[in-house]
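Remarks on the structure that follows.
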Amino acid sequence: MRFLALCSLSLVILLSSANAQIPTSSPVDFNIYYGKGWGVSGIAESLIDASLAFNFTQETLNSTLTKSIEYITSNRYSFNGVHYFAWEKGPKQETGIYPGIKYGAAGIIDLYVSAYQYFDEPKYLEYAINSFNQLMLSSQGSLPHWGYNFPSPNNASGISLTGYEFGAAGMINAALSLYQTTLNASFLETAFRIADWIYSVSHFPTSDTMAVPWYSHVPGFQSVEIFEFDRGMAGIASVLTDLAIASGNKTIETMAKNIANYLVNSQNEDGSWFQQNDTDVTPLTFSTGTAGIIYSLTKINEAYPSTNYEESITKGVSFLLSHLSNNKFVDDNGQSLSSSFSEGALGVLYSLFKAQKFLTSQQQTILNDLLNQYANSFFLILQNNGQQYLFLKIDEKTVSRVDLSLRNGLAGFLHFSTELKNNLKNFGDYQVDNLVKWSINSLNMVQNLNGSWNRQVSPPSGFSTIQGTVDDSPAFYISAIAFLIIVPRKIKNRAN
């Protein structure tokens with residue numbers, strides 16, 4: 001009964017929060033989580049990816065990673081004395097099993113695959129495959145789909161979701177990751193079957209558009225259409241694009257394009273998107289708003305260029321920058337954005353960098369200035385015994401706690417830096433190597449003895465602060481980190 005009550009409460013929260021404004025700063029949360037979004041697996045994966053991208057190797061980091069992976073593995077879900085490759089949200093959180101990327105196996109698979117590639121350790125690949133096999137045992141129907149959460153292993157129950165963060169698109173991402181690592185075609189075939197389920201619950205307003213509901217139809221509920229990345233069509237289109245590129249499957253390619261076409265047709269005149277079709281809320285952010293949709297359209301346009309996509313991206317970029325001019329990070333309601341990747345300023349900057357070729361010279365200058373302003377507003381740089389440590393302030397005013405997670409904290413900054421290092425040709429013009437190194441130092445230092453991390457922690461006491469004051473002087477950037485090279489800019493813009 002406790003689980004059912006929690007399930008009902010979770011659903012009420014999900015449904016009622018759909019019409020609510022996303023908070024501009026993170027609530028106090030010192031809990032430990034297992035999953036990718038707020039938890040240990042997301043932090044560990046970001047450390048692996050950053051160390052590879054920036055060629056950092058150190059024994060301390062390897063020990064940190066090993067402990068974190070073993071912590072995740074040893075805390076699998078236990079039922080009737082058997083440990084399954086499935087997870088609750090975190091220790092002492094009686095929430096049932098979560099399959100999706102944010103809390104569950106779909107995200108933890110990414111960590112295992114990254115660990116296998118980093119350490120060349122076969123057992124981590126075995127863990128990833130075991131986790132995926134357990135996901136399949138918990139799926140519903142001949143075309144696999146999953147409930148948001150469920151009470152026990154192999155219990156296919158709950159309202160089935162379509163999106164990236166909690167639903168079927170995240171499972172496609174996990175299957176694709178395993179296919180690309182093993183070249184085992186069975187994972188690819190499974191990804192196709194999951195995509196077939198998404199297709200089966202969708203509708204088609206025109207011959208070249210596809211609209212995907214948030215969840216499958218359940219009597220008594222009206223399924224909304226969500227446009228955002230995390231729960232909605234932007235994330236689904238992004239994953240289907242990855243699947244189409246990897247497989248060459250034209251049916252999947254058409255699905256991705258048709259969802260993108262629907263997103264373009266749903267764009268508002270000012271360049272924004274509503275979060276979903278039953279609200280007039282137009283967030284800026286990556287997870288819930290325009291930034292994430294721009295990212296998805298940019299990815300699709302790179303694979304399948306279209307004038308319609310390019311025009312939509314250009315309008316969306318102008319909308320975002322119109323709210324971020326004058327070095328201010330404010331949302332559509334004039335409220336200050338947090339520092340986070342998912343729900344704050346960092347994800348907006350990321351999408352703008354990914355869409356960089358659509359920026360005018362003036363817009364590029366604004367973006368560079370915003371990056372410096374981000375550092376000035378949110379970086380907390382400490383020093384102790386000659387070692388530097390970087391943390392992200394949750395917002396410009398909060399100093400009593402910092403967030404470490406991928407979605408909302410320091411691991412998100414590592415993800416931002418790694419993705420741009422790997423995918424942006426001119427990212428060498430930006431000085432981030434020290435920032436990444438100092439972030440890794442911080443995550444090494446604050447890891448718990450058992451290999452976990454709390455989502456949020458208090459900054460270490462007794463360390464000296466070297467970030468300088470927020471004023472008009474550029475001395476901090478010149479003498480300390482120089483986030484942007486203090487020379488004439490080398491960045492070439494392809495748009496005027």
- Query: Residues in side-chain contact (heavy atoms from CB on, under 4.5 Å) with Ser351, at least two apart?
  - Reply: Phe286, Ala291, Tyr295
- Query: When you measure from the centre of the six-membered ring of Tyr33, is the NZ or CZ of Lys89 under 6.0 Å away and within 45° of the axis?
  - Reply: no
- Message: With a 3.5 Å distance limit and no angle check, can you tell me whether Asp395 reaches the backbone of Thr398 through a side-chain donor-acceptor pair?
- Response: yes
- Sequence neighbours excluded, the answer for salt bridge (Lys or Arg N to Asp or Glu O under 4.0 Å) partners of Asp49 is none
- residues 288-300 vs salt bridge (Lys or Arg N to Asp or Glu O under 4.0 Å), sequence neighbours excluded, gives Asp242-Lys299
- Message: Exactly one of Asn301, Val317, Leu297, Thr298 should register a side-chain contact (heavy atoms from CB on, under 4.5 Å) with Ser312. Which one does?
- Response: Leu297
- With sequence neighbours left out, what residues match Glu121 under salt bridge (Lys or Arg N to Asp or Glu O under 4.0 Å)? none
- Message: Has Ser272 got a side-chain atom pairing as donor or acceptor with Thr282's backbone, closer than 3.5 angstrom?
- Response: no
- Item | From CA spacing to verdict: side-chain contact (heavy atoms from CB on, under 4.5 Å), Asn385, Phe463 | CA-CA 9 Å; Asn385 294 327; Phe463 287 22; over 6 Å; no
- Quick one: list whatever passes side-chain hydrogen bond (donor to acceptor under 3.5 Å, both in side chains) with Asn173, sequence neighbours left out. Asp110
- Polar side chain donor-acceptor pair, Glu70 to Ser74, under 3.5 angstrom: no
- Residues at least two apart in sequence or cross-chain that pass side-chain hydrogen bond (donor to acceptor under 3.5 Å, both in side chains) with Tyr34, listed by chain then number, are Asn75
- Of all residues at least two apart in sequence or in a different chain, which pass the side-chain hydrogen bond (donor to acceptor under 3.5 Å, both in side chains) check with Ser177? none
- Measure centre to centre between the rings of His415 and Phe341, then say whether the value is under 6.0 Å. yes
- Donor-acceptor pair between Asn434 and Gln388 side chains, under 3.5 angstrom: no
- Listed by chain and number, what are the side-chain contact (heavy atoms from CB on, under 4.5 Å) partners of Ala234, not counting sequence neighbours? Phe229, Leu263, Ile293, Ser296
- Check: Phe187 ring centroid to Tyr179 ring centroid under 6.0 Å: no
- Query: Near Gln180 CD, under 6.0 Å, is it more than 12 heavy atoms from other residues, nucleotides or ligands?
  - Reply: yes
- Task: Run through Tyr112, Tyr124, Tyr127 and flag the one making a side chain to side chain donor-acceptor pair (under 3.5 Å) with Thr73.
- Result: Tyr112
- Message: Can you confirm whether the side chains of Asn444 and Thr60 place a donor and an acceptor under 3.5 Å from each other?
- Response: no
- Query: With a 3.5 Å cut-off and no angle check, do the side chains of Glu228 and Gln276 form a donor-acceptor pair?
  - Reply: no
- Considering residues at least two apart in sequence or located in another chain, which fulfil the side-chain contact (heavy atoms from CB on, under 4.5 Å) criterion with Glu126? Asn130
- Cation-pi between Arg76 and Phe85: NZ/CZ under 6.0 Å from ring centre and within 45° of the ring axis? yes
- What do you reckon, is OH of Tyr116 surrounded by more than 12 foreign heavy atoms closer than 6.0 Å? no
- Qualifying residues under salt bridge (Lys or Arg N to Asp or Glu O under 4.0 Å), relative to Asp29, sequence neighbours excluded: Arg455
- Item | Set of salt bridge (Lys or Arg N to Asp or Glu O under 4.0 Å) partners for Lys67, sequence neighbours left out | none
- Should Phe56 and Lys437 be marked as a side-chain contact (heavy atoms from CB on, under 4.5 Å) after you check the CA-CA gap, both sets of side-chain angles, and the distance that decides it? CA-CA 8 Å; Phe56 292 146; Lys437 181 179 179 181; 3.9 Å; yes
- Message: As a quick check of understanding, evaluate side-chain contact (heavy atoms from CB on, under 4.5 Å) for Ile236 and Thr162, giving each step before the final call.
- Response: CA-CA 8 Å; Ile236 297 170; Thr162 58; 3.7 Å; yes
- Message: Taking the six-membered ring for Trp, are Tyr98 and Tyr148 closer than 6.0 Å centroid to centroid?
- Response: yes
- Item | Set of side-chain hydrogen bond (donor to acceptor under 3.5 Å, both in side chains) partners for Glu45, sequence neighbours left out | Lys36
